Amino acid sequence: LRALGHFHMVTLFAMPYVYWIDHPEAMGVVEHRGMDSYSGDPVRANIGDIYTHIVEDLKTAITYLEGNNVASRKGKAFVQADAAKALLARVYLYMEMNQECLDVCTDLMAHAPADVIGGYDFKAFPTKTYDMDETIFCIKPNITDWFYSEHPQSAIGSMYYSDTDFNQFDGDNGWGEHYWSEELIDLFQRYPQDKRFAAYFIQEPPAEENVGKHMVTFHIKTKSSNAY
């Protein structure tokens, strides 16, 4: 989890790892590896050190978790070795350590469910993430918790979601704004056979008032209609 936290922070608030290779002075994010509280002002570590420690943390996690597949007993909301391996593969990808990334992915796919190897329902994935064979690790909100059930606007991703039917309070949940980037559009247009393109992106021309505002769409069950 420490590796996951540092990885999200360094990808959001620092330059890419490959930039650091040519600019070793480029700083990453504040790194905290101990259990004690900070004393004094936090200091940013350089990007290379952050990625090195992320890899170290994940390799250590895999060593401890290998053979102790908690997910098989308690579910995908619990960290297990495959989750650490999957994140390590992504870290290697961002570091452009392609062979290392391929090796980890090959290891994961060697015991992946048959449905994953044959493809899966991309369109349904956002609404059934926990139940999908493709999912290795995910956050699973406890919908029986009174605060979560009474305050849907506090749910994960609610800033992107806007639906008056689901909101028992005045106004909507979030702004409903999740725009795609030109780089992502160009990448999908280069590979139109990618199933995610048809599953996640609106294909028809937008209404006049929404020109230039195509957005990624996810199918969400509404409270009122109990439908997607």
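Computed over heavy atoms, backbone and side chain alike; hydrogens, waters and symmetry mates excluded. Please read these numbers as outputs of a predicted model, since none were measured by experiment.
- By the 6.0 Å contact criterion, CD on Glu96 is open, its count of non-hydrogen atoms from other residues, nucleotides or ligands being 12 or less.
- In the hydrophobic cluster analysis, where Ile, Leu, Val, Met, Phe, Trp and Tyr join through side-chain heavy atoms closer than 4.5 angstrom, Leu4 is grouped together with Leu12.
- Looking only at distances, no side-chain donor or acceptor of Thr135 sits under 3.5 Å from a matching main-chain atom of Asp131.
- For the atom pair Ile62 CD1 and Gln80 CD, the distance stands at 10.5 Å (nearest 0.5 Å).
- Checked against a 6.0 Å centroid threshold, the rings of Tyr17 and Tyr51 count as neighbours.
- Looking at Arg44, its side chain never comes within 3.5 Å of a backbone N or O of Val30 through a donor-acceptor pair.
- Put simply, the side chain of Lys76 never gets that close to the backbone of Ile136: no donor and acceptor are under 3.5 Å apart.
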### Task
Determine, stepwise, if the pair Met95 / Val18 fulfils side chain to side chain contact (heavy atoms under 4.5 Å, CB included).
CA-CA 6 Å; Met95 297 173 74; Val18 291; over 6 Å; no

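- To the nearest 0.5 Å, the span separating CG on Leu88 from CD on Glu56 amounts to 11.5 Å.
- Side chains of Met15 and Trp20 form no contact here, defined as non-hydrogen atoms less than 4.5 Å apart.
- Of all non-hydrogen atoms in Pro24 and Ile21, the two that sit nearest each other are CD-O, 4.3 Å.
- The two atoms that bring Ala14 and Gly28 nearest to each other are CB-CA, 3.8 Å, heavy atoms only.
- Note on Tyr94 and Leu187: separate hydrophobic clusters, where clusters join Ile, Leu, Val, Met, Phe, Trp and Tyr whose side-chain heavy atoms are under 4.5 Å apart, directly or indirectly.
- Residues Ile50 and Phe7 form no side-chain contact, since every pair of their non-hydrogen atoms from C-beta on lies 4.5 Å or further apart.
- For the atom pair CG of Leu87 and CZ of Phe137, the computed distance is 9.5 Å after rounding to the nearest 0.5 Å.
- Here the straight-line distance linking atom CG of Asn46 with atom NE2 of His23 works out to 14.0 Å at 0.5 Å rounding.
- Side-chain atoms of His53 and His6, non-hydrogen and from C-beta on, never get closer than 4.5 Å to each other.
- Closest non-hydrogen pair, Tyr130 versus Ala77, comes out as CE1-N, 3.7 Å.
- If you take CZ on Arg2 and CG on Leu58, they are separated by 10.0 Å, rounding to the nearest 0.5 Å.
- The two atoms that bring Cys138 and Thr129 nearest to each other are CB-CG2, 4.3 Å, heavy atoms only.
- Transitive grouping of hydrophobic side chains (ILVMFWY, heavy atoms separated by less than 4.5 Å) brings Met9 and Val91 into a common cluster.
- A chain of hydrophobic side-chain contacts below 4.5 Å, direct or via other Ile, Leu, Val, Met, Phe, Trp or Tyr residues, connects Leu1 to Leu65.
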### Query
Can you check side chain to side chain contact (heavy atoms under 4.5 Å, CB included) on Tyr92 and Val55, steps first, answer last?
CA-CA 8 Å; Tyr92 280 148; Val55 171; 4.0 Å; yes

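- The CD1 atom of Ile47 sits 11.0 Å away from atom OG1 of Thr11, with the distance rounded to the nearest 0.5 Å.
- Taking every heavy atom of both residues into account, Ala61 and Ala84 meet most closely at CB-CB, 4.3 Å.
- The pair Lys85-Glu66 meets the salt-bridge criterion, since a charged nitrogen lies less than 4.0 angstrom from a carboxylate oxygen.
- Remark: side-chain polar atoms of Lys59 are not paired, donor with acceptor, to backbone N or O of Ile54 under 3.5 angstrom.
- Side-chain contact check for Val104 versus Asp107: every heavy-atom pair is 4.5 Å or farther apart.
- Counting heavy atoms from C-beta on, the side chains of Leu102 and Gln99 come closer than 4.5 Å.
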